[in-house]
Every structure is written in structure tokens, then in C-alpha cells.
Trainee: 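Quick one: structure below, then a few questions.
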Amino acid sequence: ARDIDQEFLADFLTTGQISSARTPYRGIKRLLPGTAIVRAGGRITSRPTWRLSDVPPLSCPESDYHERFRELLAEAVRESVHPTGPTWVSLSGGLDTSSIACMAAARGISLGALSFVNPSQPEINERRWMRAVLDRYPSPWHPIDAETLLPFSGSPEQILDEPSSSAIFVERRRAINTLLASHGVERLLTGHGGDAVLCASPGRVPAHLSDALFSARPADAFRDVAEWKAGSPDQRSWSYWLLRGLLAPAATHLFRRSILTTPRHPLPPWLDRDFASRMRIGARAGRPLAPRCPRPSEQDLADALWINALATSSVPARQRSYEIRSPLPYRPLVEFMYAVPWHQKLRPKCDRFLQRRALKGILPELVRRRAGKGGGSLGDGRGPSPIAAMGGMSLRFSEDREPRHRRSREMAPSRRAGRRRTNSRGCLLPRRRRRRVMAEGARTWGRPQGRRAPRCGRGGVRRRSGLIASSHRRRARPA
């Protein structure tokens with residue numbers, strides 16, 4: 001027990017992932033991304049070999065961005081393919097793995113494909129988008145039923161040196177090993193790191209809006225906030241955007257906290273309270289992971305790349321008969337995407353803007369225009385779709401314009417349980433009627449199930465257009 005590094009245990013219990021140079025053992029350290037070991041004079045030291053903040057900004061015509069992106073993506077795929085043996089791609093139906101498969105086929109590189117499908121769960125089954133890629137570029141395809149390979153359905157064959165997600169997906173890893181070994185596959189290409197590098201949807205507020213404050217350009221910061229406020233479908237107030245878009249990311253970065261903060265959860269009952277108090281478990285979630293960067297968006301990207309690199313390296317290679325490669329975190333591609341101006345990469349109504357525009361004619365339109373992703377090739381095969389969790393938001397594309405958000409009938413519930421702030425068409429209700437709207441899960445918006453609304457009385461409750469509205473905080477009592 002004295003050889004166990006308790007700092008590593010505290011970090012892993014807080015974040016659930018490898019996040020530092022520490023290992024479970026005190027005398028063993030990890031070589032971190034972007035660093036090298038130097039042995040001189042009988043001493044061993046580590047020094048950084050690459051910093052994201054050293055990359056200069058880039059400015060050129062829009063067509064040059066598209067051409068350079070295609071060149072770097074093709075180069076990343078070509079460098080990831082095994083020089084002699086067969087190479088496959090883990091085709092999930094999303095933009096990342098589809099871009100890899102389509103670019104390889106467009107440049108004459110032959111790839112096989114394996115995919116995990118969920119036949120009985122259409123909300124997370126990606127077969128439709130997988131077929132779109134395979135119909136455009138025919139190649140050998142090997143689907144695997146993910147519903148028969150659930151997490152924790154098997155035990156590892158060997159003792160692991162440190163915690164790893166491979167212990168969760170044992171049966172899935174065995175199925176991949178068996179399939180790839182039977183075809184003599186040497187490498188498997190994945191889309192890991194694509195969300196961070198290619199600027200996937202950042203959520204409601206992106207991290208780069210406050211970058212101009214750290215460059216002494218407050219006017220540019222307010223202009224960017226105004227652009228995102230006008231383009232956002234949420235119709236938030238100025239105070240919301242100034243607080244969440246400028247002040248919160250700036251303060252988080254100034255106080256050396258990570259924007260990729262892990263949500264805090266209650267401590268499990270089996271965790272010793274003295275250990276949690278001594279190791280300050282609650283304060284570890286917001287620590288930055290990568291070395292310090294000058295601006296919030298740089299720190300956000302560096303932390304994401306840091307997590308991806310450490311997660312990939314922590315999977316024991318001796319448990320695989322093949323090699324895993326991720327073309328998208330290719331260093332020249334990362335530097336290019338970092339140097340490109342933000343309005344070329346991400347817009348209020350369209351994420352992955354540069355990727356979608358540059359791959360027009362290479363990606364199938366069904367894949368290029370899709371808004372989200374219901375399930376992954378290496379996911380657990382269970383659980384709700386991320387699209388439903390985003391509030392039923394989707395994107396509508398046109399040929400020459402960026403995608404536009406639209407709302408579906410199934411809107412996300414408001415912060416107060418049992419209430420909704422939109423009508424059946426997805427439009428925001430007037431402020432006066434939005435104060436007191438009761439839904440209770442009924443099909444008729446705002447009408448309690450099986451109950452009638454009372455007449456206007458002391459509580460100020462009144463029925464109007466099928467909705468129950470009130471200017472008071474208390475609930476409407478049923479008749």
C-alpha cells in the first residue's frame with residue numbers, strides 16, 4: 001500500500017480518466033503528450049517539444065482553407081494507413097469516421113470497415129448513415145451486433161497495470177480481435193479527437209468568445225458576442241451572453257480552472273470520507289489538464305487533445321492483435337485548425353463549418369448535413385440518444401448557406417420540472433404566459449392530465465387558449 005500513489009487514485013476517482021504524469025505506482029511516471037525525455041550527465045529530465053500556443057494565426061481566402069483542409073486530411077489518412085498490411089476503419093456513421101473513409105476512398109486508399117449496430121434500437125442505430133457512405137464508396141463491411149456485447153459482460157483475461165476502459169468493454173474488444181485477426185488486419189482507424197480538432201458543437205456558449213479580452217480587444221469580444229446572440233436559437237438575454245460568454249470563461253481561465261470541468265456528483269458511499277477530505281476530491285474536478293495556454297479556447301482545445309492522447313495510450317496494447325490509429329489529431333491538421341479564424345470553423349447555426357464545406361462532393365450529403373449522432377461504433381449500445389438530450393434540435397441545410405436550427409415538437413423541458421416555455425410549434429411563449437405553464441407530460445401543452453382548470457379566482461389563475469397561466473408562484477388547484 002505504501003507504493004500506491006494516492007494522488008493518482010484521487011485524480012482518477014474525480015475525473016474517471018488518466019489526466020497527469022502520475023501512475024498508480026509512486027516510482028513510475030508517465031511520458032506526457034508533447035514532451036520528450038532527455039538523459040544527460042547521468043540525469044533524466046523531460047522537456048516540452050511542442051506547444052499549441054506557438055502556432056501563428058492564419059489568414060487567407062476561403063477557398064484556400066477548403067483546399068488546405070482536404071490536403072491535410074488526405075495526408076493524415078495516408079500516414080495512418082499500414083504500409084504493408086490491411087487497414088480498416090471503425091465506421092460509426094458520424095462525420096469523423098465517415099470523413100476518414102470517404103477521403104481514403106477518394107484518394108484511392110482501400111479500407112475495410114467494421115461497425116457496431118443496434119437493430120432493435122432505431123433511435124441509436126446508425127445503419128442509415130453507414131449505408132450512405134458504403135453506397136457511395138463500396139468496400140467490405142462487417143457489422144457487429146452491439147446488443148449482444150454489453151458493457152461489463154466479460155472479465156479481462158489478465159490483470160491490468162492501471163484502470164482502463166478496456167475492462168468495461170471486454171466482450172466488445174474480444175469480438176474486434178477475433179474479426180480483425182481472421183482477416184489479417186494490422187491497423188484500425190478511429191475518429192477519436194475529431195470533436196475537439198474539427199470544432200464540434202460546443203454547447204450553448206462557445207469558449208472562444210472571451211479570447212479577445214485576453215488580447216486587449218474588448219470591441220471584438222462584444223462584436224462576437226452580439227453575432228452569437230443574434231444567431232442563437234435560444235433567444236437569450238444580453239446579461240446571459242455577457243455572463244456566460246465573456247465573464248465566466250475569462251474568470252475560469254484567470255483562476256486556472258479548466259473549462260472542461262467534470263460535473264460534480266455525490267460521493268459514493270464506499271469512498272472513505274477521511275480520504276476524500278484529505279485529498280480534496282471536490283476541488284480536483286476543475287483543474288486544467290494541459291500546460292497553461294494564454295487564451296480560454298486554446299486551453300479548451302489543449303485539454304481535449306490531452307485527454308484524447310492519454311486515453312488512447314492507456315489502453316493496453318498487449319490485449320490487441322492490431323494497432324489503433326486516429327488520423328484526426330494529426331499534428332499538421334491540428335495546427336492548421338487552430339490557426340484558422342473562428343468564423344471559418346464554427347458559427348452560431350453550424351458546427352464543423354470548415355469540415356462540412358471543404359468535404360462537399362466527397363461526403364454523402366446525408367452524412368454531411370446531419371446535425372448530431374445517435375450512437376457510436378464503440379459506444380455502449382444502451383441509453384438515450386444525444387440528439388434527444390439536446391432538446392430535439394436539428395439542422396436544416398441549403399447548398400450555399402450555413403445550416404439553420406429548427407425546433408421539433410419534442411422540446412427539452414424547462415428548468416422547472418413539469419413546465420414548458422414553448423408551444424407545440426416550438427415558439428417561445430410571451431413572457432406573461434410563460435410564467436406559469438403546466439404541462440405534466442400531457443399531449444395538450446399546459447393542460448394537466450385528466451383535470452380541468454379552475455376559473456379565475458383569488459390565485460389569479462385563468463384559462464386561455466388551452467394553457468393555464470398565472471402571475472403568482474403557487475400552482476393552480478384542480479377543480
Trainee: In this structure, which one of Glu75, Arg78, Glu335 forms a side-chain hydrogen bond (donor to acceptor under 3.5 Å, both in side chains) with Tyr330?
Mentor: Glu75

Trainee: Say you draw a straight line from CG of Leu354 to CZ of Arg352; how long is it, rounded to the nearest 0.5 Å?
Mentor: 11.5 Å

Trainee: Taking the basic N atoms (NZ, or NE/NH1/NH2) and the acidic carboxylate oxygens, is any pair closer than 4.0 Å for Arg325 and Glu323?
Mentor: yes

Trainee: Return the CG to CE distance between Leu73 and Met337, rounded to the nearest 0.5 Å.
Mentor: 10.5 Å

Trainee: Is any side-chain heavy atom of Phe275 closer than 4.5 Å to one of Gln6?
Mentor: yes

Trainee: Heavy-atom distance under 4.5 Å between the side chains of Leu111 and Ser139, does that happen here?
Mentor: no

Trainee: Ser19 and Asp11: side chain to side chain donor-acceptor pair (under 3.5 Å), yes or no, with the steps?
Mentor: CA-CA 7 Å; Ser19 58; Asp11 288 339; 4.6 Å; no

Trainee: A side-chain contact here means heavy atoms from C-beta on lying under 4.5 Å apart; do Val77 and Ile109 qualify?
Mentor: yes

Trainee: Is it the case that the side chains of Tyr338 and Glu298 hold a donor-acceptor pair, with the cut-off being a distance below 3.5 Å and no angle test?
Mentor: yes

Trainee: Does atom CZ of Arg273 have more than 12 heavy-atom neighbours, drawn from other residues, nucleotides or ligands, at distances under 6.0 Å?
Mentor: yes

Trainee: With distance as the sole test, does Thr148 use its side chain to make a donor-acceptor pair with the main-chain N or O of Asp145 at under 3.5 Å?
Mentor: yes

Trainee: Can you find a pair of side-chain heavy atoms, one from Pro291 and one from Trp306, that are under 4.5 Å apart?
Mentor: yes

Trainee: Tell me whether the rings of His253 and Phe214 are parallel (<30°), tilted (30 to 60°) or perpendicular (>60°).
Mentor: perpendicular

Trainee: Check the pair Thr97, Leu189 against side chain to side chain contact (heavy atoms under 4.5 Å, CB included), reporting the backbone distance first and the verdict last.
Mentor: CA-CA 8 Å; Thr97 56; Leu189 307 185; over 6 Å; no

Trainee: Take Ile18 and Phe8, measure what side chain to side chain contact (heavy atoms under 4.5 Å, CB included) needs, and give me the verdict at the end.
Mentor: CA-CA 8 Å; Ile18 308 299; Phe8 170 84; 3.7 Å; yes

Trainee: Run Thr190 and Ser326 through side chain to side chain donor-acceptor pair (under 3.5 Å) and show every step you take.
Mentor: CA-CA 5 Å; Thr190 71; Ser326 300; 2.9 Å; yes

Trainee: Going by an N to O cut-off under 4.0 Å, is there a salt bridge joining Asp351 and Lys345?
Mentor: no

Trainee: What's the shortest heavy-atom distance between Gly184 and Pro86, and which atoms?
Mentor: O-CD, 3.2 Å

Trainee: Closer than 4.0 angstrom, basic N to acidic O: yes or no for Arg22 and Asp5?
Mentor: yes

Trainee: Would you call Asp272 and Arg278 a salt bridge, using N to O less than 4.0 angstrom?
Mentor: no

Trainee: Set out, in order, the CA-CA distance, both residues' side-chain angles and the distance that settles side chain to side chain contact (heavy atoms under 4.5 Å, CB included) for Val334 and Trp50, then state yes or no.
Mentor: CA-CA 12 Å; Val334 172; Trp50 178 74; 4.3 Å; yes

Trainee: Can you tell me how far apart CG (Leu305) and CG (Leu52) are? Round to the nearest 0.5 Å.
Mentor: 7.0 Å

Trainee: Run the numbers on Glu365 and Arg136 for salt bridge (Lys or Arg N to Asp or Glu O under 4.0 Å), then give the verdict.
Mentor: CA-CA 10 Å; Glu365 287 299 290; Arg136 180 75 174 271; over 6 Å; no

Trainee: Below 4.5 Å, heavy atoms only, C-beta onward: do Gln121 and Ile124 meet side chain to side chain?
Mentor: yes

Trainee: Going from CZ on Arg356 to CG on Leu198, what distance comes out if it is rounded to the nearest 0.5 angstrom?
Mentor: 10.5 Å

Trainee: What I want to check is whether the side chains of Thr87 and Glu186 have a donor and an acceptor closer together than 3.5 Å.
Mentor: no

Trainee: Are Ser120 and Glu147 linked by a side-chain donor-acceptor pair shorter than 3.5 Å?
Mentor: yes

Trainee: Taking atom CZ as the centre, does Arg292 end up with more than 12 heavy-atom neighbours from other residues, nucleotides or ligands that are less than 6.0 angstrom away?
Mentor: yes

Trainee: Which heavy-atom pair separates Leu58 from Tyr65 by the least distance, and what is that distance?
Mentor: O-OH, 3.4 Å

Trainee: Report yes or no: do Thr35 and Ser46 form a side-chain donor-acceptor pair below 3.5 Å?
Mentor: no

Trainee: For the residue pair Leu328 and Gly191, what are the closest heavy atoms and their distance?
Mentor: CD1-O, 4.0 Å

Trainee: Using modelled atom types only, decide if a donor and an acceptor are shared between the side chain of His82 and the backbone of Thr84 within a distance under 3.5 Å.
Mentor: yes

Trainee: Is the backbone N or O of Ala175 less than 3.5 Å from a side-chain atom of Thr178, with the two atoms forming a donor-acceptor pair by type?
Mentor: no

Trainee: Hey, does the Lys NZ or Arg CZ of Arg187 hover above the aromatic six-ring of Trp88, less than 6.0 Å from the centre and inside 45° of the axis?
Mentor: no

Trainee: For the residue pair Leu188 and Ile176, what are the closest heavy atoms and their distance?
Mentor: CD2-CG2, 4.4 Å

Trainee: Classify the side-chain pair Trp129/Ser98 by whether it contains a donor and acceptor separated by less than 3.5 Å.
Mentor: no

Trainee: If we only count heavy atoms from C-beta on, is the Arg236 to Val205 side-chain gap below 4.5 Å?
Mentor: no

Trainee: If you measure from OG on Ser20 to CG on Leu310, what distance do you get to the nearest 0.5 Å?
Mentor: 8.0 Å

Trainee: To the nearest 0.5 Å, what is the distance between CD (Gln299) and CG (Asp211)?
Mentor: 11.0 Å

Trainee: For Pro24 and Asp161, work out which heavy atoms get closest and say how close.
Mentor: CG-O, 3.9 Å

Trainee: So does Cys293 get a backbone contact from the side chain of Ser53, meaning a donor-acceptor N/O pair under 3.5 Å?
Mentor: no

Trainee: In the structure I gave you, are the side-chain heavy atoms of Arg30 and Glu162 within less than 4.5 Å of one another anywhere?
Mentor: yes

Trainee: Return the minimal non-hydrogen interatomic distance between Cys199 and Leu346, and the atom names on each side.
Mentor: O-CD1, 4.0 Å

Trainee: Taking the basic N atoms (NZ, or NE/NH1/NH2) and the acidic carboxylate oxygens, is any pair closer than 4.0 Å for Arg131 and Asp135?
Mentor: yes

Trainee: So Leu149 and Ile144, do their side chains get closer than 4.5 Å, heavy atoms only?
Mentor: yes

Trainee: Are the side chain of Ser115 and the backbone N or O of Leu91 linked by a donor-acceptor pair below 3.5 Å?
Mentor: yes

Trainee: Is there a donor-acceptor pair under 3.5 Å between the side chain of Arg43 and the backbone N or O of Arg39?
Mentor: no

Trainee: Which class fits the ring pair His208 and Trp228: parallel under 30°, tilted 30 to 60°, perpendicular over 60°?
Mentor: perpendicular

Trainee: Show the numbers, then the answer: is there a side chain to side chain contact (heavy atoms under 4.5 Å, CB included) between Leu209 and Trp241?
Mentor: CA-CA 10 Å; Leu209 296 181; Trp241 282 99; 4.1 Å; yes

Trainee: Under 3.5 Å, side chain of Asn177 to main-chain N/O of Ser321, donor-acceptor pair present?
Mentor: yes

